[in-house]
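Since the structure comes first, as structure tokens, the remarks are kept for the end.
Proteins get letters first, then strands, A, B, ... in listed order; numbering begins at 1 in each. All figures in this text were calculated on a predicted structure; none of them were measured in a lab.
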Amino acid sequence: MNPERPKRKLRVATTSLAGCFGCHMSFLDIDERLIELLEHIEFDASPLTDIKTPGQCDLGLIEGGLCNAENVHVLLNMRQKCRILVAMGACAINGGLPAQRNHLDIRDCLQTVYLTGVGLNRGFIPNDPELPLPLDQVHPLHDVVKIDYFLPGCPPPADAIWQFLTDLIAGRTPQLGHGLIHYD
Amino acid sequence: MNSLEKAEHPAGLKRIAIEPVSRVEGHGKVTILLDAENRVHQVRLHIVEFRGFERFIQGRPYWEVPVMVQRLCGICPVSHHLAASKALDQVVGARRITPTAEKLRRLMHYGQILQSHALHFYHLSSPDLLFGFDAPVAIRNVVGVLQAYPEAAKRGVMLRKFGQEVIRITAGKRVHGTGSVPGGVNKCITPEERDLLVAGLPDVLRWADEGIALVAQLHGAHREAWDRFGTVRSNLLSIVRRDGALDLYDGVIRARDADGHILVDGIEPTAYGDLIRENVRSWSYMKFPYLQSLGAEHGWYKVGPLARLQNCDFIPTPRAEAARQAFAATAGGQIVHAPLAFHWARMIELLHSAEVIAELLDDPDLLKNDLMASGPRATTGVGIIEAPRGTLIHHYEVDAQDLVTQCNLIVSTTHNNQAMNEAIREVAREYLDGREITEGLLNHIEVAIRAYDPCLSCATHALGKMPLVVELLDATGALVDRRVRDAEQLA
Ligand code: SF4
């Protein structure tokens with residue numbers, strides 16, 4: 001890493017929208033390199049901290065696509081607060097597996113799960129105002145905001161996340177070399 | 001005592017939301033309704049996301065399912081991978097899979113239990129326990145633990161790494177691997193891979209012991225508070241081996257009442273539907289299961305490490321069994337219902353997982369290459385496994401064209417839905433009622449939820465509706481998606 005750059009730590013927010021946390025797990029799969037990384041970054045809002053909404057950040061890592069109104073709200077706020085926004089993983093980039101529901105009629109889904117499902121005592125559909133409205137389809141992040149980088153994979157390999165972050169920290173344009181880009 | 005599930009007169013009450021619940025897996029929030037004197041009238045844990053897995057798996061070829069369902073949860077993908085495989089073993093007629101396949105799956109599974117328990121304790125929950133529930137937000141996270149307790153935090157990182165390596169070697173990839181298939185596994189392991197894991201064992205076993213010692217010490221230091229905090233009595237449920245031993249990969253269903261008397265035992269997984277029913281509440285996408293024989297009011301139960309350790313008769317590995325007995329002795333033989341005791345039970349299971357991994361790595365069957373079994377086709381499969389967070393049930397119906405026609409999933413966290421809601425109501429009564437509500441007090445609510453190690457992504461595979469309009473606009477303001485819904489449209 002470039003020794004001449006000022007020592008200020010990059011402030012990083014992370015969030016999971018319609019994702020499975022696997023991308024966050026892959027981030028933690030950098031293992032003990034996390035300790036080295038923490039000399040260069042600090043976490044803002046993230047599932048790993050109790051900061052619930054992001055302040056001004058250098059970098060936002062987002063896993064998961066958009067499946068409800070709340071996801072959209074969180075994404076817009078992340079875009080406002082983060083200088084660089086990264087779509088991390090298949091769900092953020094193209095909706096991923098949750099987007100398998102996109103070809104289905106939502107009414108049919110509701111009835112299958114809540115009215116006619118196996119083992120239900122008396123079915124009805126949850127409808128409390130505390131529950132965010134589901135979108136008709138699962139959308140990728142770049143349908144709604146500008147995304148600066150896309151990290152492919154389900155999840156992206158830990159080494160790709162490491163390479164990306166260390167490039168950014170060193171002030172280089174992030175580049176993923178051989179073996180770091182794959183889509184499974 | 002007011003149940004706090006539903007305020008009698010919600011109009012005019014103040015609403016406080018903990019949103020999102022942090023340092024847990026997935027998407028949840030808590031709402032609390034208070035009157036002008038800050039008396040608590042309603043407390044709810046809402047699961048706010050839906051996925052629709054049960055529906056969109058219908059129509060897919062069965063052999064895709066073990067890989068698809070992993071995407072329910074990135075922390076315990078192996079549980080879904082294996083529960084689906086076990087269900088679909090029955091569909092492909094593999095009533096017994098080969099010894100090598102079973103041992104490789106077990107290795108994968110115990111590797112996952114180990115990594116998930118390490119992650120949950122060290123990365124997510126330990127900040128509350130080490131710094132105090134109302135410690136400043138700035139230090140109350142894994143980075144704070146790394147600074148103040150570097151040995152403990154590094155132990156967590158290295159334990160998790162070992163478990164993830166077990167998964168990589170057996171499944172091909174640390175997150176969302178492909179090792180298990182209906183009828184067996186698709187990959188042997190090499191002597192070199194085995195030796196790599198064997199070399200890590202001495203450290204892992206030592207770290208596992210240190211984890212138990214840490215929790216026991218924390219319990220000893222705050223004994224009365226820990227035993228009371230959020231404690232609610234309930235039934236317990238898990239699978240156990242046919243001889244009553246703890247077994248996290250396979251077994252029959254057993255349930256006990258709150259005093260430890262056996263309610264049902266030896267129930268075959270395929271009969272789960274007669275045992276468990278589910279209720280729906282308007283305010284959560286997560287269903288509320290209960291034992292049908294006892295009814296919804298009395299039939300709810302806990303699952304997970306604390307239930308398992310008290311439901312089994314013994315742990316079939318020596319060091320973890322000694323630790324289980326020491327744990328039981330501190331409660332004087334009474335059933336422990338304290339949420340914070342989950343942490344202790346979890347650390348004992350972590351040690352047990354390390355011991356099982358050691359046994360499996362020593363087993364000559366592990367390196368053989370007889371991997372697949374098959375037999376006469378069936379149309380129904382039910383797979384039950386003890387995931388890190390508790391009992392996980394996958395049920396599929398498959399037609400003659402190999403397509404899934406029905407899928408029912410009851411995930412671990414769903415079983416704990418009522419118990420978590422009751423626990424946070426208890427904490428609200430004890431700590432919040434009538435006080436000025438601070439961030440630290442609100443974290444008490446989250447501490448009780450975290451103890452259950454909920455996996456809120458897993459629990460969100462259903463769909464919901466509300467009478468609202470939502471418009472999704474792109475960066476230029478153009479309309480991408482618009483939904484209008486009302487009650488009539490959906491009724
Ligand atoms: S991309 Fe894959 S690993 Fe990441 S959140 Fe989506 S399903 Fe999970």
Verdict with reasoning, A/C154 to B/R71, per side chain to side chain contact (heavy atoms under 4.5 Å, CB included): CA-CA 9 Å; A/C154 180; B/R71 272 77 182 176; 3.0 Å; yes
Toward chain A, the part of B/V21 with a non-hydrogen atom under 4.5 Å: backbone
Toward chain A, the part of B/L124 with a non-hydrogen atom under 4.5 Å: side chain
Do you know which of B/H46, B/Q164, B/Q115, B/R174 has the most heavy-atom pairs under 4.5 Å to chain A? B/R174
Look only at the side chain of B/H27 and the backbone of A/L17, and say whether a donor-acceptor pair between them is shorter than 3.5 Å. yes
Stepwise, does the salt bridge (charged side-chain N to carboxylate O under 4.0 Å, His left out) test hold for B/E446 with A/K52? CA-CA 13 Å; B/E446 291 184 86; A/K52 308 279 182 182; 2.8 Å; yes
A/L97 side chain reached by B/F53 side chain, heavy atoms, under 4.5 Å: yes
Over all heavy atoms of both residues, which pair between A/M25 and B/V175 is shortest? Give the atoms and the distance, please. CB-CG2, 4.0 Å
Does any backbone or side-chain atom of B/Y272 lie under 4.5 Å from a heavy atom of chain A? Answer side chain, backbone, both or neither. side chain
Do the side chains of B/V137 and A/T49 get nearer than 4.5 Å, heavy atoms only? no
Which region of B/N443, side chain (C-beta onward) or backbone (N, CA, C, O), has a non-hydrogen atom less than 4.5 Å from a non-hydrogen atom of chain A, or is it both or neither? side chain
Among B/I75, B/I18, B/V142, which residue forms the greatest number of heavy-atom pairs with chain A at distances under 4.5 Å? B/I75
With chain A, the option among B/K173, B/R281, B/H395, B/R60 that has the most non-hydrogen atom pairs under 4.5 Å is B/K173
Is there side-chain contact between A/F43 and B/V143, with heavy atoms separated by less than 4.5 Å? yes
Before accepting this row, confirm whether a basic side-chain N of the pair B/K161/A/D29 lies closer than 4.0 Å to the acidic partner's carboxylate O. no
By a 4.5 Å heavy-atom criterion (distance strictly below it), what part of B/R160 contacts chain A: side chain, backbone, both, or neither? side chain
Reported OH-to-CG distance for the pair B/Y285 and A/L131, which is rounded to 0.5 angstrom: 4.5 Å
Who wins among B/Q70, B/H123, B/M68 for the most heavy-atom pairs under 4.5 Å with chain A? B/M68
Heavy-atom distance under 4.5 Å to chain A: side chain of B/P77, backbone, both or neither? neither
Basic-acidic side-chain contact under 4.0 Å: A/E130, B/K29: yes
Heavy-atom proximity to chain A below 4.5 Å, by part of B/E19: both
Below 4.5 Å from any heavy atom of chain A, which atoms of B/L119 appear? Answer side chain, backbone, both or neither. side chain
